[in-house]
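For reference, the structure is listed below as structure tokens.
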Protein chains: 2
Amino acid sequence: MLSYTCKTAIKAVIYLASRAEDSDKAGMIEIAKHIHASEHTVGKILQTLVRQGIINSTKGPSGGFFINDSQRKQPIINIVESVEGDQVFKACGLGLSKCSASHPCPIHDDYKVARDLIEKLFREKKVKDLCDPVSNGLAFLIG
Amino acid sequence: MLSYTCKTAIKAVIYLASRAEDSDKAGMIEIAKHIHASEHTVGKILQTLVRQGIINSTKGPSGGFFINDSQRKQPIINIVESVEGDQVFKACGLGLSKCSASHPCPIHDDYKVARDLIEKLFREKKVKDLCDPVSNGLAFLIG
DNA sequence: ATAATAAAAGTATTAAAGTACTTTTATACT
DNA sequence: AGTATAAAAGTACTTTAATACTTTTATTAT
């Protein structure tokens, strides 16, 4: 249900956040390698995330991408909304612009329940909650 | 969460099913007009649906698209799977091919709950359930 | 200062989704 | 039989998303 770009963004952030906080910054080649994605694509995506304040980067030698402790505590929805826009969890299931509680489409209420659940999931799960949950390293990051 | 094509397909089928069963068949121009979509696009989509047995069509004069009573009773998921493929409600939230109950990704269980809910919605709602539910004609079909 | 590094930023290409158009084929009515 | 109708089928175009590449800029180390 999420775009490939969005899934890749989440995986990249999880990888970043899974590294020791005081370790060196990660370059986009390293990140791309670990999540099995194109380094160019990863670079583009991470640029967006830096601009949105989801992660940080520094240029130059020993530069790279990194994430701080307060960013580790942010919800996954921050990533999703940065990539997909902030209307993802607002849109009607049938794509009607005028669908609302007062002018509902036939599946309005049922769809809203499911959509709200996904929104809740991404809002409650923090970046750090997704780091190495099964003690199998980061094997789950490669698709 | 559904593609534009898929939403258009659902709307077209709802329009068809909302017509009196014994009325004339509907041409793609008529359908397109009522759901505010391009007639070419609608034609392409309906071709697919006919091939999948979701709806019917006849060629020639007084030909057009129509839907029978048993097709009216089919669930919306038939339309969704015809357009999006049958893996829509199977895929991992992070896009991992190897994610499964035994090798779950960090959001596997929570995501599955929401995804199953949407699948349930589309599986339980039948085409006829979506016809003219608020007695405002078919105003809800135009986005 | 200079050179090396690495992301930022911009541009170009590719792939996929969506839209438009054309030709063919089946049907019904003269 | 011949003609008109209307979808089927196939092709081409457009737009957008995704990927690849290039140039620029900031930083560090010498």
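Below, chains carry the letters A, B, ... as their sequence lines are ordered, and counting in each starts from 1.
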Would you call the rings of Tyr15(A) and His34(A) parallel, tilted or perpendicular if under 30° counts as parallel and over 60° as perpendicular? parallel

[X]: which residues meet the side chain to side chain contact (heavy atoms under 4.5 Å, CB included) condition with it, sequence neighbours left out?
X: Asn68(A); result: Asn56(A), Ser70(A), Gln71(A)
X: Pro61(B); result: none
X: Glu84(A); result: Leu2(A), Ser3(A), Cys6(A), Val80(A), Val88(A)

Within residues 57-64 of chain B, the residues having a heavy atom closer than 4.0 Å to DNA chain C are Lys59(B), Gly60(B), Pro61(B)

The correct set of residues in residues 46-54 of chain A placing a heavy atom under 4.0 Å from DNA chain C is Gln47(A), Val50(A), Arg51(A)

The complete set of salt bridge (Lys or Arg N to Asp or Glu O under 4.0 Å) pairs with one or both residues in residues 49-70 of chain B, sequence neighbours excluded, reads Asp69(B)-Lys73(B)

Quick note, salt bridge (Lys or Arg N to Asp or Glu O under 4.0 Å) partners involving residues 29-50 of chain A, not counting sequence neighbours, are Arg19(A)-Glu30(A)

note: Glu30(B), atom CD; dT5(D), atom P; distance rounded to Å ~ 17 Å

Separation of dA6(D) atom P from Ile31(B) atom CD1, nearest Å, is 13 Å

Sequence neighbours excluded, the answer for side-chain hydrogen bond (donor to acceptor under 3.5 Å, both in side chains) partners of Lys112(A) is Asp116(A)

Just the atom pairs and distances: protein N or O near nucleotides 14-19 of chain D's N or O, under 3.5 Å.
| from | atom 1 | to | atom 2 | distance (Å) |
| --- | --- | --- | --- | --- |
| dA18(D) | OP2 | Thr5(A) | OG1 | 2.7 |
| dA18(D) | O5' | Thr5(A) | OG1 | 3.4 |

Apart from Leu117(B) itself, members of its ILVMFWY cluster (side-chain separation under 4.5 Å) are Val113(A), Leu117(A), Val113(B)

The first and last nucleotides of DNA chain C lying within contact of chain A, meaning any atom under 4.0 Å from one of its heavy atoms, run from dA4(C) to dT11(C)

Beyond-backbone contact of [X] with [Y], side-chain heavy atoms, under 4.5 angstrom:
X: Thr58(A); Y: Lys25(A); result: yes
X: Leu130(A); Y: Val13(A); result: no
X: Met28(A); Y: Phe65(A); result: yes
X: Ile77(A); Y: Phe89(A); result: yes

Next on the checklist: Hydrophobic cluster membership, with links at side-chain heavy-atom distances under 4.5 Å among I/L/V/M/F/W/Y: are Phe66(A) and Ile55(A) in one?
Outcome noted: no

Residues of residues 81-90 of chain B with a heavy atom under 4.0 Å from any atom of DNA chain D, listed by number, are none

Closest non-hydrogen atoms of Asp110(A) and Lys125(B), given as atom of the first, atom of the second and distance, are OD2-CE, 3.2 Å

Residues Leu46(A) and Ala12(A): closest non-hydrogen pair is CD2-CB, 3.9 Å

